[in-house]
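See below for the structure under consideration.
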Number of protein chains: 2
Amino acid sequence: MSSRAHPGGKVTIAEVAQRAGVSKGSVSLAMNDKPGVSAATREKILRVAKELGWLPNQAARSLSSASTQVNNIGLVIARPARMLGLEPFYMEFISGIESVLAERSHSLLLRLVRDVEEEIEVHDGWGRSKQISGSIVVDFTVDDPRVPALRASRLPVVAVGHPDLTGGLPSVWTDDGAAITEAVHYLAALGHRRLARVGGPPSLGHSAIRTEAFVKAVAGLNLEPARIVPTDFSGEQGARATRALLASAQRPTAILYDNDIMAVAGLSVATEMGVAVPTELSLLAWDDSQLCRLTHPPLSAMSHDVFVFGAEVARLLMGIIDHGEAEAGHAAPTPVLVPRGTTARLR
Amino acid sequence: MSSRAHPGGKVTIAEVAQRAGVSKGSVSLAMNDKPGVSAATREKILRVAKELGWLPNQAARSLSSASTQVNNIGLVIARPARMLGLEPFYMEFISGIESVLAERSHSLLLRLVRDVEEEIEVHDGWGRSKQISGSIVVDFTVDDPRVPALRASRLPVVAVGHPDLTGGLPSVWTDDGAAITEAVHYLAALGHRRLARVGGPPSLGHSAIRTEAFVKAVAGLNLEPARIVPTDFSGEQGARATRALLASAQRPTAILYDNDIMAVAGLSVATEMGVAVPTELSLLAWDDSQLCRLTHPPLSAMSHDVFVFGAEVARLLMGIIDHGEAEAGHAAPTPVLVPRGTTARLR
DNA sequence: GAACGTGTCTATAGCGGTTCAGTCGATTTT
DNA sequence: AAAATCGACTGAACCGCTATAGACACGTTC
């Protein structure tokens with residue numbers, strides 16, 4: 001194989017070296033801006049490389065140098081695909097992340113899995129094959145098996161969840177307990193004494209935290225014992241839960257939902273069952289996407305900026321990747337009560 | 001949880017081979033389900049590999065075999081991050097894609113960029129470094145510069161857009177022309193003679209196609225010349241466009257929007273300006289996410305299942321990756337008119 | 001003038017896999 | 001019984017690059 005004009009075929013460092021009349025080693029040095037080649041030689045090499053349209057093969061490079069430089073951030077979500085599209089939370093969260101990644105020329109490697117075991121597996125695979133330089137982890141449970149797994153891998157990680165759940169991993173979280181307490185106090189102030197909560201799966205850490213705060217706040221105010229209905233966050237289950245609550249003997253006069261999808265569904269159910277909102281029943285949503293402003297009446301909600309939250313998470317991760325694990329994380333602003341048309345004084 | 005790790009960390013094929021009492025070659029064969037090892041040996045090798053927690057190093061693998069097997073699909077979007085979270089279309093589209101990828105253990109590599117040049121660059125980088133095994137490309141313009149670039153790279157690709165725009169790349173598209181025509185005929189049948197369209201950027205191919213069909217349908221029915229207002233698809237611009245249309249001397253009696261966000265915003269504007277919907281003004285949305293059912297009155301829309309559409313795109317791409325470029329693509333079901341509360345006979 | 005730096009550049013040994021020409025028994029064919 | 005066939009398995013040659021020890025020419029220093 002000699003200096004044939006390399007038609008269309010793959011160019012390698014060897015060919016560049018030969019054409020430039022130097023060794024492969026010199027080409028490598030020149031391409032990586034390392035000392036050891038004279039300015040003249042370096043320039044010549046770069047010229048030839050450009051001429052041949054050569055770019056170093058990433059695989060070969062990372063094989064020999066161990067240090068791969070990929071610009072990908074991982075995100076594994078253990079929920080059904082359909083939910084991603086329907087839950088405004090995830091989209092806003094992801095777009096917040098992307099807003100930070102984009103300005104740093106990073107991409108998001110997104111994967112949906114069935115369960116935590118698969119999640120750990122995927123994560124491990126990504127780490128090993130060096131497909132990501134860091135990762136964002138969500139939906140922590142109590143004693144989450146991912147915590148030890150993530151500590152073991154040396155991959156930079158930011159956990160989304162309360163420090164109680166994330167076992168010392170750098171975290172960003174919202175103070176759900178405080179928000180729930182505010183919500184309960186607000187409803188109590190409106191005269192409600194029989195509250196219910198349509199929450200997420202009890203296994204989910206933040207759902208458990210909210211439930212606990214809810215029960216505590218209700219007890220603290222001497223309200224009637226609260227009913228908690230667990231769901232999978234879907235509109236269907238939100239509707240079903242609402243239907244069950246409203247059909248029960250001592251139906252609640254106020255319901256607090258764990259996201260806005262379920263609140264929207266709950267509002268429809270109330271209407272369909274002839275329960276007047278907000279005169280007979282108050283509803284309070286969580287997350288507060290644009291959905292809440294569109295219903296009739298518009299939904300009162302515990303509002304927080306999920307886009308900014310996602311961006312914050314990404315920013316922390318980039319910081320850790322750049323400067324090592326300096327920060328331990330921090331809380332994001334507590335959700336704020338935005339009263340609209342679905343909460344009112346009990347008549 | 002997993003394997004007893006093993007000091008030092010990095011496990012290589014050599015170690016697995018030694019521990020299993022076979023050669024590196026056999027391990028490779030066993031791991032890749034290739035013939036040449038007995039069932040017993042294969043099983044033993046796999047056991048040892050799992051025990052050591054070994055997974056083949058991607059870089060090494062792709063170096064030697066040229067054919068890398070990464071399970072990532074690329075998607076580059078040249079739009080601002082904020083829009084991703086707000087536009088139900090993208091989220092549904094992405095979750096549809098994920099629904100197919102998940103069952104095939106694939107991930108989505110998602111990147112937001114500023115412009116087409118950057119998009120080509122990113123794409124090229126992904127291809128070269130073998131980070132993806134295929135890609136989905138959206139938002140085609142007329143004479144899109146990505147078409148030649150994509151043809152040049154041998155990467156499997158599915159284009160989302162009408163064949164007129166995608167220059168022979170395998171494509172999936174919706175017959176927007178037919179849908180627009182149906183919409184116009186419907187509005188005309190309700191007695192509307194002064195229509196307007198709030199569309200996307202004219203540079204965008206599918207937007208241009210819709211505009212052309214719109215103008216043609218309007219002309220074909222001898223309606224008054226139609227007004228077209230271009231936007232960037234955002235709610236703000238949708239509101240502004242609607243405001244301008246309604247404030248004009250000869251205001252239209254029906255407006256057709258290019259997505260549902262703008263239709264929702266437009267409905268608010270009409271209400272705020274005291275224009276009665278649907279008695280004085282009919283509004284027709286596009287895409288039809290859950291938003292359309294929440295407004296008051298609920299939005300009539302040209303409805304199509306974006307989730308299924310995304311899944312279809314992903315399925316075609318997986319097919320091409322598996323069996324080579326067999327299919328040329330196909331049209332997805334044409335959007336269907338769903339009349340709700342914002343369209344009515346002109347009184 | 002011998003020993004020592006110094007700055008360039010070369011040769012070569014890996015990195016961790018895949019691939020393939022062979023080796024080696026056991027089984028089948030002649 | 002010898003030859004041919006066959007499946008299982010090995011050994012070594014790559015893949016394209018980086019890292020590093022050494023070769024070489026050219027001053028310096030003592």
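Chain naming here is simple, since letters A, B, ... match the order of the sequence lines and numbering starts at 1 in each.
Distances shown here put every side-chain N or O of B:W54 at or beyond 4.0 Å from the OP1 or OP2 atom of C:dG16. A sub-4.0 Å separation between OP1 or OP2 of C:dT19 and a side-chain N or O of B:K24 is absent. Applying the 4.0 Å criterion to OP1 and OP2 of D:dT18, one finds that A:S64 has every side-chain N and O outside that range. For A:S38, a side-chain nitrogen or oxygen approaches OP1 or OP2 of C:dC9 to under 4.0 Å. Put simply, B:S28 has no side-chain N or O that comes within less than 4.0 Å of OP1 or OP2 on C:dT19. One finds no side-chain N or O of A:S26 lying less than 4.0 angstrom from the OP1 or OP2 phosphate oxygen of C:dT8.
Proximity of a side-chain donor or acceptor of A:S99 to a complementary backbone N or O of A:I97 within less than 3.5 Å is not detected. Here the side chain of B:N72 pairs a donor or acceptor atom with the backbone of B:Q131 at under 3.5 angstrom.
The nearest whole Å value for the distance from the CG atom in A:D33 to the C1' atom in D:dA19 is 17 Å. Regarding A:L52, its CG atom lies at a distance of 15 Å from the C1' atom of D:dG16, rounded to whole Å. Across the protein-nucleic acid pair, A:L29 atom CG and C:dG7 atom P stand 15 Å apart, rounded to whole Å. Here C:dG7 presents its P atom at 18 Å from NZ of A:K34, a figure rounded to the nearest Å. In this structure, B:L63 atom CG and C:dC15 atom P are separated by 13 Å, rounded to whole Å. Atom CD1 of B:I13 and atom C1' of C:dT18 are 8 Å apart (whole Å). Rounding to whole angstrom units, CD of residue A:Q18 and C1' of C:dT10 are separated by 15 Å.
Checking A:V22 against B:M31, the closest nucleotide of DNA chain C that is more toward the 5' end is the one next to A:V22. Nearest-nucleotide mapping onto DNA chain D: of B:A60 and B:V37, the residue sitting toward the 5' end is B:V37.
Relative ring orientation between A:Y90 and A:F93 is described as perpendicular, the plane-to-plane angle rising above 60° on a 0-90° scale split at 30° and 60°.
Nearest heavy-atom pair, B:L46 versus B:A30, reported as atom, atom and distance to 0.1 Å: CD2-O, 4.2 Å.
Listed nucleotides: C:dT10, D:dA19, C:dT18. Nearest to the side chain of B:N32: C:dT18. Comparing D:dC9, C:dG17, D:dT18 by their nearest atom to the side chain of B:R61 picks out C:dG17.
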(message) Walk me through whether B:R19 and B:E15 qualify under salt bridge (Lys or Arg N to Asp or Glu O under 4.0 Å).
(response) CA-CA 6 Å; B:R19 284 280 248 273; B:E15 173 141 10; 3.5 Å; yes
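Residues of residues 39-49 of chain B that place a heavy atom closer than 4.0 Å to DNA chain D, in numerical order, are B:T41.
Atom NE2 of residue A:H123 and atom CG of residue A:L150 lie 5.5 Å apart, to the nearest 0.5 angstrom.
Remark: A:W173 pairs with A:H162 by the ring pair (Phe, Tyr, Trp, His ring centres under 6.0 Å) rule, at least two apart or across chains.
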